[in-house]
Amino acid sequence: MPQQESRVKKSLLNARVNLIFYFLTLILSFFSRKIFLDTLGADFVGLTGTLQNLLGFLNLAELGIGSAIGYVLYKPLFEHDEGKINEIISVFGYLYRWIGFIILGAGIVLACFLPLIFPNTEFEMGVIFFAYFSFLASSLIGYFANYKQTLLGADQKNYVVTAYFQTATIIKTLIQMASAYYTGSYYLWVIIELTFGIVYSFILNWKIRQVYPWLRSEVHQGKQLFKKYPEVMKYTKQLFVHQIASFVQFQTIPFFIYAFVSLEIVAYYGNYTIISDKISFFLISLWGSVSASVGNLISEGDRNKIMKVFWELTSLRFFVGGTCVFLMYNLFSPFIALWLGREYILHNTVLLLLLINFFIGVTHQAIKQFLYGYGLFSDTWSPIVETCIFVLVALLGGYLWGLKGILLSGIISQTTILCIWKPYFLFTKGFKISVAIYWGNWLKYMFLTILSWFIVYYIVSFIFDEQYPFINWGQLILYAICLAILFISIHFFLLCIGSQGMRDFLKRILRKYIAR
């Protein structure tokens, strides 16, 4: 019981810290995006986004080692084996150092092709190279200096990383906004980006020494200790292949848009994704706060408790995912119009495709968490198939339909693997029960979510005879609050009636606060 209370307490603390910083960074991102677009231009915003996505490919060299180490750390953390933790972190530091050198070499080679990647741009190559190498240096800091933060995540203390990282991000963004507004200098904006990456590294490692004063990782001993932990390489090889699908889908979309549409549309699309990604990042961080708890729960081996928590988390994701999609569909376009101007609004079909991708990702996070908790990474063929489907559909769809066709590729690839295969794999290999149970509950959750959408849509259309005239922010905020209260009430009520998982979650929350 004390172990469970500690697990819940840490999960709630992680969630609380994520929630606070999410809203702070969300509000700031809207102001900063507006200032950067007005002062530095859409092309520069699109350029930096494209460069960062380009460098994201180099991070494939990470091979999933961080995730593998996190999984291997669960047991020694549970047993408070400090000696073994020191050895595993030493192995991690050794591997990450070599990966850093590989990324540095690959980055230098890739830099030679920048003139070919950006042949027709208004920027001098000096600006492009300076931004590229600054972003590369910031990325390398994580491999040479910040690798110990994985221990915080595995120990259910990711709130420490979140607090320091997001604080540094907020201060950095404020200074960049002032720099862009008063100087409009591309170079100064990039220098600030790099400087805060270095400062954050020093502060984070200082805090880690405070939290784990006994931590004595010896990178130079990592090579000898590496042979002692063969499971690290086993899981690393499997997780590397799984990372390919995520990298290809999220890192190549700007390139497909740039290739089939334009660099300007990369920035326009980025205006939408800066909102959806912020929400998605928040939800992943919020639910990621229970990832280590799920691993800890699975280690206990109580099958009934495991299934109970799984359905609680799944029903909660349908509730949150359905709510977010409904609100974003109704509020995205008027928000963009008031925030940046009507000229930045993309076609409604683009918004719909974006939200379908978002919904699939949100509602299937529980599947991913439990697969990770069980260490089920052996289906290495699935991300390869998912990647091939994505690339082929993106090439064909981008050529035929532009941005709409590119977004369609994500829906088709995720539906095939994430929606169909992954549940089957988890239930047959992890839970060891029929996947028919999952599909029965999934159809129920989906029906209740769609029913909620239709009920609220009918009520809203009955109240407002025509599209709500959002003349100012006050009207939009008032409408958003009313819409959110209405949908959340109806959706939560329907899920509580038709879902045992949501009822169990409600009981858990009520017990916690009644106990207080």
Side-chain angles (χ1 to χ4, degrees), residues 20-56 107 111 114 117-118 121-142 145-146 161-206 254 258 263-275 277-278 281-282 335-336 338-341 343-344 473:
I20 292 171
F21 279 99
Y22 165 74
F23 284 109
L24 289 175
T25 55
L26 179 64
I27 294 170
L28 183 61
S29 66
F30 294 139
F31 287 105
S32 63
R33 185 82 176 184
K34 175 66 173 175
I35 289 177
F36 295 153
L37 286 170
D38 289 345
T39 57
L40 301 177
D43 283 340
F44 180 74
V45 174
L47 173 69
T48 56
T50 303
L51 284 174
Q52 288 170 333
N53 279 279
L54 187 64
L55 285 168
L114 289 180
I117 298 174
F118 301 98
T121 176
E122 65 179 69
F123 302 105
E124 296 178 356
M125 290 308 300
V127 174
I128 296 176
F129 276 108
F130 183 73
Y132 173 81
F133 280 108
S134 295
F135 294 152
L136 176 60
S138 295
S139 176
L140 290 174
I141 292 172
N146 296 347
V161 178
T162 300
Y164 282 89
F165 177 75
Q166 295 295 358
T167 299
T169 299
I170 290 171
I171 297 173
K172 176 197 71 177
T173 305
L174 289 171
I175 296 176
Q176 284 179 321
M177 289 168 63
S179 166
Y181 184 79
Y182 288 108
T183 69
S185 171
Y186 302 139
Y187 289 98
L188 185 56
W189 188 94
V190 175
I191 289 172
I192 295 169
E193 185 82 16
L194 176 59
T195 301
F196 270 85
I198 298 172
V199 171
Y200 165 70
S201 176
F202 279 107
I203 295 175
L204 176 65
N205 281 281
W206 166 77
Y258 174 54
L263 192 61
E264 183 181 44
I265 294 300
V266 173
Y268 282 32
Y269 176 72
N271 295 333
Y272 279 72
T273 56
I274 195 175
I275 304 172
D277 285 352
K278 281 288 183 182
F281 175 77
F282 163 66
F335 180 87
I336 293 290
L338 288 175
W339 175 35
L340 301 172
E343 66 273 17
Y344 286 95
W473 286 106

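Below, each value reflects all heavy atoms present in this structure, side chains not excepted, and no hydrogens, waters or symmetry copies.
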- Query: Say you draw a straight line from CD of Glu193 to OG of Ser138; how long is it, rounded to the nearest 0.5 Å?
  - Reply: 6.0 Å
- Task: Would you please classify the geometry between the Phe129 ring and the Phe133 ring as parallel, tilted or perpendicular, with 30° and 60° separating the classes?
- Result: parallel
- Nearest 0.5 Å, what's the CD1-CD distance between Ile35 and Gln176? 11.5 Å
- Rounded to the nearest 0.5 Å, how far apart are CE of Met177 and OH of Tyr182? 10.5 Å
- Query: Can you name the one residue among Thr173, Leu174, Thr167 that meets side-chain contact (heavy atoms from CB on, under 4.5 Å) with Ile170?
  - Reply: Leu174
- Message: Does the plane of the ring in Tyr344 sit parallel, tilted or perpendicular to the ring in Tyr268? Use 30° and 60° as the thresholds.
- Response: tilted
- Query: Hey, does the side chain of Ser179 reach the backbone of Ile175 with a donor-acceptor pair shorter than 3.5 angstrom?
  - Reply: no
- Task: Measure the spacing between CG of Leu340 and CG of Asn271 and express it to the nearest 0.5 Å.
- Result: 5.0 Å
- Crowding at OH, Tyr181 (>12 non-hydrogen neighbours, <6.0 Å): no
- Query: Would you say the side-chain atoms of Ser134 pair up with the backbone N or O of Phe130, donor to acceptor, closer than 3.5 Å?
  - Reply: yes
- What are the two closest heavy atoms between Lys172 and Phe196, and how far apart are they? CB-CG, 3.6 Å
- Message: For a quick test of reading the model, state the closest non-hydrogen atom pair linking Met125 to Leu114 and the distance between them.
- Response: CE-C, 4.1 Å
- Message: To check you understand the geometry: which heavy-atom pair defines the closest contact between Ala137 and Leu194, and what is its length?
- Response: CB-CD1, 3.8 Å
- Between Ala131 and Leu51, what is the shortest heavy-atom contact and its length? CB-CD1, 3.8 Å
- Note on the structure: d(Ile128 CD1, Tyr186 OH) to nearest 0.5 Å is 11.0 Å
- Message: Quick one: does any side-chain atom of Tyr132 pair with a main-chain N or O of Gly107 as donor and acceptor, under 3.5 Å?
- Response: yes
- After noting the C-alpha distance and the side-chain angles of Val190 and Tyr187, does the key distance pass the side-chain contact (heavy atoms from CB on, under 4.5 Å) rule? CA-CA 5 Å; Val190 175; Tyr187 289 98; 5.9 Å; no
